[in-house]
Amino acid sequence: MIMSNTSKYTVIPLLVNGQSHDVMVRSADTLLHTLREQIGLTGAKHACGNGDCGACTVLVDGKPMHSCLMLAVEAVSEEITTIEGLKHSEMRQAFVEQWAIQCGYCTPGFILNCHALVKEHPDADDEKIEEWLQSNLCRCTGYYEIKQAVKFVLEMNKKNG
Amino acid sequence: MQNGFHKTVGTAEQRIDAIEKSTGNVKYLGDKLTKGMLHAKVATSTEAHAIIKSINTMEAWKVPGVHAIVTGDMFPFPIGPILADRPPLAFKKVRYYGEPVAIIVAEHPYQAKQAARKIIVDYEPLPIVNSVEQAFQKDAPLIHEQSGQYTKIIDNVYPVPGTNIASHIKIRKGDFGQAWAACTDTFTATYSFNLSDHAAMETRSATVEINPDGRVIVHSTSQSPYTIKKIFNQFFNLEVGKVIVHIPMLGGAFGGKGAVQLEPLAYLASNAVGGKLVKLHFEREEDMMTAPCHIGFNATVKLGVNQEGKLMAGQYTFLIEAGAYSDQAAGITRAAALDCTGPYHIPNVWCDSYCMYTNHPYATSFRGYGHPELTFAIERTMDQFANKLKMDPIEFRLLNAIKPGHTTPTQSVLTVNNIGDAAKCITRAKELIEWTSDPVSTTKDGLIRAKGVALFWKTSTTSTNAQAGAILLFEPDGSVKLSCAAVELGQGTKTILAQIAAERLKMDVSEIHVTMEVNTQYTPHQWRTVASSTTFLAGNAVLAAADDAIRQLKKIGAVALQCSEEDLEVGNSRVYIKSDPMKGIAIKTIALGYKFPDGHTVGGQVIGTGVKMQRQLTTMDKETGFGDPGPWWSVGAQGVEIEWDERNFTYKIIKAVTVMDGGTIINPMTATQQMRGGIFLGLSIASGESFEFNEQGVIQNPDLRTYQMMRMGDQPSEYIVEFIETPSEDGPFGARGIGEYGVIGAAAALANSLSSATNVEMNKLPLTPEMIWRMKGEAYDSVQF
């Protein structure tokens, strides 16, 4: 695909939450912008635009990614998961039950990142959890309950084998 | 027939917003996408202090998609919440780097941004006031030449013309001079820190649309919907009733969204394009450099005791750094003065609290409204003075803790109803932090462990006529819609209000449907969602509305059941006869009025309304501060334990303890969330957050990469939160406000623990390893060999 850095638009296919979308993008459009403005999936939040806070985290082929640092055109032929695609995850439920949510603005990014963490590291210890989640900022909770939610899911997964 | 209803006050009911937030379904302001909306961007000042000689917009107009460009000369009038000193767009001069000088309205955000960069301003630089200490000097450059002519929007603001003092608040209680001379021992110290940021995860934005019929529709990330209406009325001459403000749920606020900055800009932008819908959204860097921030602070505290170690005299000089404009810093200057002593009984008090202009971004309210800052100064002094007196710091606090019967600095009389139990809080915190006679020890790895504590208080300095209203509308199924203008910004207020309604109506909390968003067209007036005042004001309004609804239910019920209203009770979704509970009628049968079998009717929809207004608060006397500024004082104590590595000056926070007397706790889990999140925010600010300015007054760390907030793993390994519940007679079910309180003692407790660990008085913030190293170096250099 030929893309040039102009204000011209190109139509690209994106696979989001198992569904294919044809979207019109400029070459400079980020994945975050495209998910929100073109597809209407506003769960991923714009908070720094600089990869510093993780509020825009989505999963790209299962790996957490700052969608503000990825261009939409780079996401072609990747499998993208947003919070809207994680409605039935145990991590989402754990965030509710462990009181890990206050204003909720960082929540989707955290849930996706935590979801990826427990998939990637089913035996994560405190150090691993803390290291993994350094990429996301929360201003309300003080991180305690978020960590509790992760530990709760890790325990539960271990029990359920 | 009461068995179905369970008591909800005091129960950890799940937050009513949690599921929606966890699924990403909540629509914050930025998530409401509207096709055809225009986008505004501000062009900002590249000088911290300069005269604007000219603004050239020619190149900016050439960018495709530009619809309008607005500059300061189009609305050259200063606005403000306390002192009207700030033109929405800089006019004739700029006073901080990042100040809006023009707004560009374009089709797409990127076009507006491109055009903003092409605005050319010709500046004549002026000398810069780069610190609050410099601002206070007699020969400092003047930032506001006309400060004496600014309109005062509220009482208790006193600019000193010809200086950089935006307001000077005085407290004169007792006879300080005489008492000071009689003290057997005294202690004096000075404290300081720079401006910092709220850094709510959601940055600020606003949209405005002006309808052809003159209605102005505002959507904003604001804690102050009714203040926006008031300001639009005061400064744009719009009818209050024609300004309609919508507030969705907010992605954090911390006081930073109490200020009104973007809405007037978006109004000017919309006005320039014939009233079309315009959105102004701040990127992170704008939110940090252009939008209002957290105050900077310099304090000198002098305390004197008698032979028994009782505090007899206290003198406090606060320089509150407001930055370029006074905004809420003028109110913080007052709030810091009226609680200047901290929760200690001091008969002779002298306080000068100054709101100081500098050429930095302007400050506004921040969670705690001056109290985390003054507590840092007071509680550091208490520790140092206790050391000097060779007393245990906690014993020294207990000896002087304030109690009912004492008076505050403004001579408000404290009673069992209006103040919590300070001694109980510090005693319990002492146990939880496991305080010993020597709070410093060394671990086997050679790390130094140390503990620090802080005792604090705060009143809710609302305006004297602050109020909130609530409406309860009954649905045909007997459930209730609760409408009020309290803004949900993460603190859980909507859940608390639902619990208060359910408790009084004796209904299940799941049957209370709270309107999560605010729409001033439908919601009753509420002063603002600030000052830890919502549980108290809106909570009491909900109680009044519930009582009103109960009266109506009984009235209809009495006709339907053919008995007198006095015989009836409401509960468990029924109206029933007190002495014979089996006889009754379901609320759903009468919620929209009762229909007799023959078709006749009685009553109509049950709509309960209620209002709560502050009672008998006063402004403060200009010369002495005398007055009743707040309804109650919540008190609390906090403790921090750290492990410090003397080899590289780093440390880890091991434990953080909060004991809070907030009266009755409506929901122990949301209250715990607030306390834990509060001390976390306080520790984050105290340990790492500060704006760094260069000599030109330019912030060097205006993004979340270089502005260091605590991340996962930096937080205390152990957070302990406990409540002492001394009920407040006036509060809903005995509750007082607690929203801000968790943050208040954090900086002081951390600095006290680090001072013990390092053996050097940590009287500046933030306590980064570098700052600790510097303070240790200064202490070393000052020793005479």
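Computation of the quantities below employed the complete heavy-atom set of this structure, encompassing side-chain atoms and omitting hydrogens, waters and symmetry-equivalent molecules. Every chain is numbered from 1, with letters handed out A, B, ... down the list of sequences.
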(Q) Tell me whether A/Asp61 is salt-bridged to A/Lys63, with the criterion being a basic N under 4.0 Å from an acidic carboxylate O. (A) no
**Q.** Whether over 12 other heavy atoms sit under 6.0 Å from A/Lys159 NZ
**A.** no
**Q.** Partner chain B: residue of A/Leu133, A/Thr107, A/Asp126, A/Asn136 with the largest heavy-atom pair count (under 4.5 Å)
**A.** A/Leu133
Q) Considering the options B/Gln114, B/His281, B/Glu286, B/Gln111, which one meets the side chain to side chain donor-acceptor pair (under 3.5 Å) requirement together with B/Lys41? A) B/Glu286
Q) Just checking, is any N or O donor in the side chain of A/Glu97 or A/Gln93 under 3.5 Å from an acceptor N or O on the other one? A) yes
Q: Please state whether the side chain, the backbone, both or neither of B/Asp287 comes within less than 4.5 Å of a heavy atom of chain A.
A: neither
**Q.** Toward chain A, the part of B/Thr670 with a non-hydrogen atom under 4.5 Å
**A.** both
Q: Measure B/Ala12 against the heavy atoms of chain A and call it side chain, backbone, both or neither at under 4.5 Å.
A: both
Q) Which bit of B/Ile19 is near chain A, if near means a heavy-atom gap under 4.5 Å: side chain, backbone, both or neither? A) both
Q) Side chain, backbone, both or neither: which part of B/Met249 has a heavy atom under 4.5 Å from chain A? A) neither
**Q.** Side chains of B/Glu488 and B/Thr493, donor plus acceptor under 3.5 Å
**A.** no
**Q.** Selection from A/Arg139, A/Lys45, A/Glu127, A/Glu130 maximising heavy-atom pairs under 4.5 Å formed with chain B
**A.** A/Arg139
Q. Counting heavy-atom pairs under 4.5 Å to chain A, which of B/Ser22, B/Gly713, B/Ala18 comes out on top?
A. B/Ser22
Q. Between B/Glu202 and B/Lys257, is there a side-chain N and carboxylate O pair less than 4.0 Å apart?
A. yes
Q. In terms of heavy-atom pairs under 4.5 Å with chain B, which of A/Ala47, A/Gly43, A/Cys103 leads?
A. A/Cys103
Q) B/Ser196 versus B/Tyr707: any side-chain heavy-atom pair under 4.5 Å? A) yes
Q: Answer yes or no on whether A/Arg26 is positioned over the face of B/Tyr110, meaning its NZ or CZ is under 6.0 Å from the six-membered ring centre and within 45° of the axis.
A: yes
Q | Part of residues 78-88 of chain A lying next to chain B, heavy-atom separation under 4.5 Å | A | A/Ile83, A/Glu84, A/Lys87
Q. Hey, which of A/Trp132, A/Tyr143, A/Phe110 has the most heavy atom pairs under 4.5 Å with chain B?
A. A/Tyr143
Q: Establish, from distance only, whether the side-chain atoms of A/Thr42 and B/Lys27 form a donor-acceptor pair under 3.5 Å.
A: yes
Q | Test item: A/Leu117 and A/Met91 side chains (from C-beta on) under 4.5 Å apart, heavy atoms | A | no
Q.
So which residue, A/Ile111, A/Asp52, A/Ile146, A/Thr141, ends up with the most heavy-atom pairs under 4.5 Å with chain B?
A. A/Asp52
Q) Checking side-chain contact (heavy atoms from CB on, under 4.5 Å) against B/Glu285, which of B/Asp703, B/Leu704, B/Ile699 comes through? A) B/Asp703
Q | Validation row, ring centre B/Phe254 to ring centre B/His198 under 6.0 Å | A | no
Q) Under a 4.5 Å heavy-atom cutoff, which of A/Tyr144, A/Trp99, A/Phe95 has the most pairs with chain B? A) A/Trp99
**Q.** Region of B/Glu283 in contact with chain A, defined by heavy-atom distances below 4.5 Å
**A.** side chain
